Amino acid sequence: MERPSFLSRSSSSLSSLLSNDEKSLLPHTVYRKPKIRVRTLLAHCLYRRVILWTAAGIVLICLTLTASRPGFRSERLLDLVKSKQDEKGSIGVSGASGTSGANIVNSVSGGPGTVLVVGSEKAQVPAWRSDMPNWLRFRHLDGFFVGLKALVPASDYRPEHPRPAGEDSPYPLTLSYTGMPTPTPFVPQPDYKSPGYTAQYHEVAPCYLDKEKKIPVPDLYAYNGIVQGQPEPAIGSHSLLGLRDDVCFDRFGRYGPYGLGYSFDEGGVEVGMDTDRTGSEAVWARTGKINYDAVDWGDAQTRCFGSNKKRFSDGEMQSQPSPTASAEHADQSTLHRERQKKKIPRTAVMVRVYTGYQWTHHAVLNFRAMISELALRSGGEYTVHFLLHVRDNNEAIWADPVTAQRVLDDNVPAEFHSICTFWTEEQMRLIYPGQFGRAFTNPSSGDIHGVYRSAHMPLQHFAMSHPEYAYFWNWELDMRWLGNYYELFDRLGKWGKQESRVEAWERSAKYYIPKYHGDWANFTALVHNETRASGRPAVFGPVAFAGRAPLRSELSGQSFIPPSCASRNDAAADCGVGEDADLITLNPLFDADESGWIFASDVTGYNTNLPQPPRRCAIITASRLSRRLLAVMHEENWRLHHSMFSEMFPATMALHHGLKAVYAPHPVSVDREWDLDAVDAAFNGGRDHSSGGRGSPFDLRNEHNHKGTSWYYHSEFAGLLWRRWLGYAQYDGRGPNGGRSGEGTLRGGKREEERAEGTGRMCLQSMLVHPIKWEHPSELEDYV
Ligand SMILES: *[C@@H]1O[C@H](CO)[C@@H](O)[C@H](O)[C@H]1NC(C)=O
Ligand SMILES: *[C@@H]1O[C@H](CO)[C@@H](O)[C@H](O)[C@H]1NC(C)=O
C-alpha cells in the first residue's frame, strides 16, 4: 500500500508534535538529474509505436543477417541512461571524498597480504537536553559500514553492539587482508534431490527463465562469514527464525545474478556499474551474465508450476464453510492416501503495485529476484502477483483490452505485465455494497472503500477468486529483503507453524530483544510472568464483547480452534503447535486501545453507543494471511459491514474469531549504541511491558524511536543503510545537532569503497529494510 498520506501527515499537520530532529526524512539532493524519467520513456504510446516499427525493421535486418536480438526494450533504457551519464559526467562518484571524516581505517599499506587496522570513528555525541529524544544520548554505530576486507569466520565475530556490560569494543581491529573473499551460491530451498526430500515429497522439476529450457534459474551468492564488528540486530533474531546468521550479502552477490553490474548489451540493467566492483565477477562464474531481455515472468511462473503440478494441493486447504468445497475435499483426501507423498500448499505473494509508481532499474531487479527465488527456484511453491491498483476509476479497463494494455504499458515494465491483476476502488464498492455505518473516528477522512483505510479488500477478493492458494503474503513496493526471499518467507512460515497458541497474543505484543531478554524460552517465561502480574487473563480463542456478531460458520457450530487445544490448560503448551499461522506480522500485534496510535478508533460498522470492540494492530501491512482469515475478513466486510483501518483489520479479525496470529521477531537493527534497557523501555513501554495500550511505541509521540531502526514506515536509517550498501555515497546524518537525515558528511560510495586503505564494499547479514523510497541518487529529485 502506498504511503503518501502518512508522509504528508508527518511533514505537515502533525509536524508540530514532532521535534526538529525528526522532521527531515531525506538527505539533501546529492545529484542533479535530467528531467527525464524511465517510466516516461517506457510508457509513451507514440514512442512505443516508433520503437515497435524500428524494432520490426531491426528484426527484418537481423533475420537477413541470421543474428536476431530480442531486446529493443533495453536499448531504450540504455539510451536513457547514456544520456544521463553524459549530462552528469559520472553517476554515483561525485562527492564521495576519500578523506573527509574518514577514520574507519587508520593505517594500511595497500593491497593483499597487508595488515589493516580498522578503528571506530570519534563519536560526536551531542550535549543531550531533556527536551531531546532519549536516543540522541547514544553515539552512532560504525560497524555496518565496514567492508568485505574485514570479513571473518562467524566463530571469530564480535559485534560492536549489543555488547555484554564491561566488554570492550572490537575496535580497533587488526586484520590481515589477503585479498577479496570469494562468494558462493546460497541455496535456502530444500535439497530437492536428496533422498530425505524425495521420500516425503514429489519430485521437483527444475524451472527455467526461457521456454526453450536453456537458462536455469540462478542462485544468489553469499559470503561465508561476517564483517568483523558489524552490529547485531538489537531486536529480533536470525537463529530463532531459522535464518542463517553466519553469512553476509554484498550487492553483487544479491542482485548480480539478476542483472546488477552489467550492461544492457549483455542483458543486464546497467546499474551498479557506477560503484566499486572489485571481485564481482565471481557471481557470474557459473551462469555467465544472464540476458533478461526476453523474460516474461508470468509465463515463466506458469510453465514452472505446470511442470510441478503434482507436488501441490490445489485449493480449499483450510476448512471453509462452503458446501461445494466439502465434496472436493473428500476426493482429495482419497487421492492423498493413494499417493503416499505429501502435498505442499501454495502461497501467493501479492505485491501492491499502483498506477503512477515510478519504476526504476533497482525495483526491477528486486522483483526479478523475488520471482526467481520464491516462485521459480522453488518449483512453483510460491507465485508472485502484482495487484495493480488503477487509481483512475474512469479507465475502462474492464471493457476495453486496448485501454487495459495502455494502463499496463504506462505503469508496469513489460517483463511483469503477465503477472498483473487490476483492481479499482469503484470495483470494491461493487463487491462490498451497502451501508457501512459510522466509524468511531475517521482521522484520515478517507472513504471506507479507499485503499488507505481498506487496503485488504482487493486482497480478499483475489483470495476468494483464487482457491488454489492457501496463503497470501501482502507486500509493498518500498520494501527490500537483503537476502534470499525464499529463506525469509519459508522460515517465517515454519516458525509460525511451530509456535504454541498459549500466550501467543501476549508474546506477539512485545518486541523481542534477545541480548536483553535471553533466549525464546526465557522470553516466553517472562511474558508468562508479566501476563500473570497484569491480572488480565491471556487471550485464548474467540473473544467475547458487547455487540459481537457471529460468522455464518460460528452459527453452524464450527470453530477455528484446533483439536490440540481441546483440553486447554496452561500446561497444554502444544496447543496450536504444528498449526499453520493464519496471520504472521512483521511488527508486534499491539492492543490499539488507549495506545495513542492515530487510527486506533477508526472502527466502522459497530454500535457506537457501546464500547469499542477489542482491537489488535500491527504497523506496516506486510504480512502473511491465510485463506480462512481472508474469508473471515471478507464476510465481516460484505455481510456484517464491519471494517477497521488497514493495519488493524486482519489482526482484530483473528482476535475476534480465534485464529492463530503471531508476530515473527525478524532481525531489526538500530543505528545507535542504545543501552538495551533503553531499547526495552522505548519499544516495550506500553501497558504491562508490552508494545500496546498506554505508553505504546506506536503512540504518535513515541514513534520517533523508530527513526533509527531498519524497519518502520518512517525510518531514516533503512534508506541510508540500503543505499550505502548499494554503493552510493550518503550523508551520514552525524554532527553537532545529534544527527539529522541529510546532514553530516557524505560517506561511502565508489571512491571511498575503492581506495586502497579502505575496507571495500559493505556486506550485511540478511535483514528487511523499509521504507526504500529511492535507490539510485538520480531518483532523489523525483521523490523530494
Ligand atoms: C534463561 O533461562 C536459563 C534457564 O532457566 C537461565 O539459566 C538463564 O540465566 C536465563 N537467561 C536470561 C537472560 O534470563
Ligand atoms: C517468573 O516468576 C517466577 C516466580 O515468581 C520466578 O521464579 C522466575 O524467575 C520468573 N521468570 C522470569 C523469566 O521472569
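Counting starts at 1 for both ligands and their atoms, following the listed order. Bear in mind that the values here come from a model prediction, so they are computed numbers and not experimental data.
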Quick check for students: name every N or O atom pair between ligand 1 and the protein closer than 3.5 Å, with distances.
unit_1: ligand 1; atom_1: 2 (O); unit_2: Asn522; atom_2: ND2; d: 2.1
unit_1: ligand 1; atom_1: 11 (N); unit_2: Asn522; atom_2: OD1; d: 3.3
unit_1: ligand 1; atom_1: 11 (N); unit_2: Asn522; atom_2: ND2; d: 3.4

Inset, instruction - Compare every heavy atom of Val146 with every heavy atom of Tyr171, then report the nearest pair and how far apart it is. - result: OH-CG2, 3.8 Å

Legend entry - Given Lys497, Gln498, Arg501, the one that forms side chain to side chain donor-acceptor pair (under 3.5 Å) with Glu579: Arg501

Inset, instruction - Fit a plane to each ring of Tyr512 and Trp520, take the angle between them on a 0 to 90° scale, and name the class: parallel (under 30°), tilted (30 to 60°) or perpendicular (over 60°). - result: perpendicular

Inset, instruction - Compare every heavy atom of Gly493 with every heavy atom of Asp580, then report the nearest pair and how far apart it is. - result: OD1-O, 4.2 Å

Inset, instruction - Taking all non-hydrogen atoms of both residues into account, name the closest pair between Met479 and Tyr485 and its distance. - result: O-OH, 4.2 Å

Legend entry - Least distance between heavy atoms, Ala592 atom then Ala600 atom: O-CB, 3.4 Å

